Amino acid sequence: MDAIKDFFNFFADPRVFFLLTLTGFILMIWRRDVFTTPRVGYGLQVFLVLFFGLGLFDENFRLIVAKPDNVPIVGLVFLLLFFTWYSMRQAVLNDRRLDRGEPVEEKVEEDRVWVWPDLVYTELICLVLCSVVLIVWSIVLKAPLEQPANAAATPNPSKAPWYFLGLQEMLVYFDPWLAGVVLPTLIIVGLMAIPYIDTNPKGSGYYTFKERKAEISIFIFGFVVLWASLIVLGTFLRGPNWNFFGPFEYWDIHKLEALTNVNLSEYIWLQGVGVGLPSNWFVREFFGIVLLLLYIVALPVILARGVLKTYYEKLGPPRYCVGIFLFLMMLSLPMKMLARWLFNLKYIVAIPEFFFNI
Amino acid sequence: MTDDPTTPAAGTPVSKDAPVKPVTPAVPPNLGGKTTSAAVAPRRPAAAKKVADDTSPLLSRRHWLGLAWGSFTAASAAALAATGRFMFPNVLNEPPQQFKIGFPDEYVPGVDERWKVRYGVWIVRTPSDIVQEASGFYALISVCTHLGCTPNWLSAEVKFKCPCHGSGFRPTGVNFEGPAPRPLERARIVLAEDGQILVDKARKFQFELGQWADPESFLRS
Ligand code: FES
């Protein structure tokens with residue numbers, strides 16, 4: 001029993017957790033024929049039911065999972081998996097039809113809508129079920145109210161509402177103005193910009209994967225691998241003092257983790273060159289600034305000449321620039337997280353003199 | 001714009017602003033010879049009739065709109081002023097920024113938490129400070145420099161640890177783990193005339209600006 005728990009606790013290490021979600025994502029896209037079979041779909045759901053059901057026998061696991069705050073996240077795990085599986089399945093089925101030269105499923109009976117009794121019954125059943133679930137939920141689970149606010153005592157751990165846990169996780173790796181203002185704005189602006197960047201008319205009104213490979217992969221990566229899995233990570237794996245804890249691990253306030261963080265400038269000047277930190281901030285952060293410019297300015301140009309040449313020609317300069325900028329910003333999150341987990345890298349450019357830390 | 005809509009239009013030059021008058025088909029619309037109205041004239045009669053019918057003798061459409069916008073602006077301004085008034089409350093229940101915390105010999109070396117709840121400071125007595133290189137006292141303000149949560153003092157680990165995103169600070173206040181970009185701030189600390197220690201949170205000293213070298217940021221003893 002303990003061996004199994006240790007096994008799962010091992011996956012709670014952020015590096016392993018991230019690697020796992022990433023592998024799952026790649027496998028899902030790559031072997032989508034297998035992923036979308038009913039057998040795999042049911043299998044995953046059954047595995048989750050078993051995992052959560054059996055896990056509840058463990059006291060530490062119960063404390064986290066059965067907390068009224070966290071119950072929605074358990075639901076989210078099931079729903080997210082189901083809907084990803086379902087839409088991928090529809091897409092794969094349609095792709096097969098397209099390969100055979102048939103019209104996609106949504107276009108077969110384009111001229112009629114099945115209302116009575118199909119739609120109306122479905123709606124009635126959904127209505128009844130949702131009401132029942134909501135009523136039972138509100139009776140059984142108590143609203144988690146706490147003591148009156150006290151400026152001198154912050155709850156430990158102090159967790160944001162679940163839908164903000166992804167943002168809170170981002171705040172661990174970036175300066176507040178970046179993780180709290182710039183990146184969320186970019187997420188919203190970026191989502192709004194999608195229709196203007198992606199003008200591919202295919203896939204409108206029907207599921208398909210092969211006609212929009214890049215678009216769907218990027219979206220699933222951003223939404224499932226980054227946003228949703230960060231919510232799951234924040235809910236189940238973050239414990240007191242914002243340390244990482246396995247789902248079956250006791251929340252020990254005194255758990256000791258060596259997290260001493262080092263800035264890039266310190267790596268270069270103290271460990272690389274072996275002299276002290278230069279007193280002038282520009283000299284000190286020179287390498288970080290160069291790295292940053294390389295990433296934001298030079299990389300898109302290099303990509304446009306090389307790997308992404310076809311995209312560059314298809315989209316044209318303005319669309320390409322906006323799109324690649326948003327894409328690189330999105331990728332900067334997992335890159336910074338990995339750099340923190342692997343090298344304890346704190347900031348690439350750290351200028352506390354005027355609040356500029358990246 | 002109080003023209004009676006029934007006034008005959010013939011012969012009067014049609015100015016742009018005046019209410020449009022019904023024009024009988026027999027009369028050419030641009031009798032006055034104004035070239036500007038010539039282009040629009042043929043389209044006017046139909047719309048003009050409608051406006052004329054809608055106008056009530058008490059309040060013209062234009063007046064009514066002016067009144068509506070005026071009152072809307074006034075109501076919005078009043079609501080905004082009421083909101084602004086919240087910024088200046090009649091009573092402020094804030095703890096004083098300046099306070100005495102007792103005599104130096106009441107403190108043993110190390111981090112003292114007794115004023116954290118009341119005033120939001122930790123008093124630290126140290127045998128040797130990193131900046132001042134002397135023994136004495138300093139007051140750390142218990143606000144995380146990341147996003148402002150209140151860190152906890154973990155005496156076993158000898159560090160301050162923030163529960164929000166995991167920033168860690170040494171007893172000196174210097175940040176060493178997590179996302180906090182700069183050390184905790186120190187408050188002004190001096191001896192009062194009666195020999196008690198006086199802390200003044202209105203004056204803050206930041207390490208990254210070199211202010212911890214200020215004699216008032218540290219009480220030698
Ligand atoms: S507020 Fe303290 S770590 Fe974010």
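Below, chains carry the letters A, B, ... as their sequence lines are ordered, and counting in each starts from 1. Note that the structure is predicted; figures quoted are calculated from it, not measured.
Contact annotation for A:P157: both backbone and side-chain heavy atoms come within less than 4.5 Å of a heavy atom of chain B. Using a 4.5 Å cut-off between heavy atoms, A:Y347 contacts chain B through its side chain alone, with no backbone atom that close. Looking at A:N357, only its side chain comes within 4.5 Å of chain B, counting heavy atoms on both sides. For A:N243, the part sitting under 4.5 Å from any heavy atom of chain B is the side chain, from C-beta outward, and nothing else.
Counting heavy-atom pairs under 4.5 Å between each of A:N241, A:D175, A:N156 and chain B puts A:N241 at the top. Ranked by non-hydrogen atom pairs under 4.5 Å with chain A, the options B:P179, B:G166, B:G178 are led by B:P179. Annotation: maximal heavy-atom pairing with chain A below 4.5 Å, among B:E157, B:K116, B:R118, occurs at B:E157.
Using a 4.0 Å cut-off between charged side-chain N and carboxylate O, A:E169 and A:R238 make a salt bridge. Note on B:R125 versus B:D112: no salt bridge recorded, every NZ/NE/NH1/NH2 to OD/OE distance being 4.0 Å or above. Note on B:K100 versus B:D194: salt bridge recorded, some NZ/NE/NH1/NH2 to OD/OE distance being below 4.0 Å. Here B:K204 does not pair with B:D214 in a salt bridge; the nearest charged N to carboxylate O distance is not below 4.0 Å. Using a 4.0 Å cut-off between charged side-chain N and carboxylate O, B:K161 and B:E177 make a salt bridge.
Taken together, B:C162 and B:C149 fail the criterion of an SG-SG distance shorter than 2.5 Å.
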